Amino acid sequence: MEKTLVLVKPDGVQRGLIGEIISRFENRGLKLIGLKLMHVTEELAGQHYNEHTERPFFPSLVNFITSGPIIAMAWEGENAIGIVRQTMGTTNPVEASPGTIRGDLAINIGRNVVHGSDGPESAERELNLFFTSGEILDYSRSTDSWITES
Ligand code: IDP
Ligand code: MG
């Protein structure tokens, strides 16, 4: 089963959207397998966003992601990476479809409330940045066969 990293960014925590965002993924059928409330250090921010180091918005992005506590989550499920990206909506909330997290809860690209890994390599890399292997749980739910035909 695919695993992916989701962050509720500092704006989502400050705005009281943690439960709302968790519910979107829970309701979709994904399984929560890791969860923590934490501050992102500048070092971790640089590693997490290393693909963006040359972009003009990089300093403000690091400033933002380190500005207050975040929620880091690991979610598992069939096609979890793509399902999370689709549930989040496009990077710029102005273009995000209604019904997505960003389309319903945000209006600005620099305050888009949530992060989700964009592919299998980044999911593995980012999960390893935020979680130790012991913090990712392996368990089954009685509802699993009602969510995924196997
Ligand atoms: P993603 O979060 O949808 O994967 P990325 O392109 O990986 O989008 O960008 C990472 C984050 O950097 C975005 O979520 C957004 O907060 C911020 N960002 C991306 N592009 C811009 C921009 O043009 N201006 C300001 N912030 C941006
Ligand atoms: Mg990205």
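All residue numbers refer to positions in the sequence shown, counting from 1. Values in this document were obtained by computation on a predicted structure and should not be read as measured data. Ligands are counted one by one from 1 in listed order, and the atoms in each one are counted from 1 as well.
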Donor-acceptor side-chain pairing of E95 and T90 below 3.5 angstrom: no
Closest approach of any protein heavy atom to atom 2 (O) of ligand 1, naming residue and atom: R102 NH2, 3.2 Å
Close approach of R85 to ligand 1, heavy atoms, under 4.0 angstrom: yes
4.0 Å heavy-atom contact, R55 with ligand 1: no
Geometric class of the F57/H52 ring pair [parallel <30°, tilted 30-60°, perpendicular >60°]: tilted
Spacing of M1 atom CE and K31 atom NZ [to the nearest 0.5 Å]: 7.5 Å
Atom 11 (C) of ligand 1 - nearest protein heavy atom and its distance: L61 CD1, 4.0 Å
Atom indices of ligand 1, in the order listed, that fall short of 4.0 Å to a heavy atom of H52: 5 (P), 6 (O), 7 (O), 9 (O), 10 (C)
Ligand 1 contacted by N112 (non-hydrogen, < 4.0 Å): yes
N63 backbone acceptor or donor facing T66 side chain under 3.5 Å: yes
Parallel, tilted or perpendicular: ring planes of F130 versus H48, cut at 30 and 60 degrees: perpendicular
Ligand 1 atoms in contact with T91 (distance to a heavy atom under 4.0 Å): 1 (P), 3 (O), 8 (O), 13 (C), 14 (O)
Any K9 heavy atom less than 4.0 Å from ligand 1: yes
Shortest protein contact, atom 15 (C) of ligand 1 (heavy atom only): I109 O, 3.3 Å
Ligand 1 N/O within reach of G110 N/O, cut-off under 3.5 Å: no
Pairwise distance CG(N112) to CG(N92) - rounded to 0.5 angstrom: 8.5 Å
More than 12 heavy atoms of other groups within 6.0 Å of E26 CD: yes
Of the listed options F64, Y49, F57, closest to atom 20 (N) of ligand 1 (non-hydrogen atoms): F57
Residue-ligand contact H48/ligand 1, heavy atom below 4.0 Å: no
Chi angles and distances behind the side chain to side chain donor-acceptor pair (under 3.5 Å) call for D118, S122: CA-CA 6 Å; D118 66 5; S122 58; 2.7 Å; yes
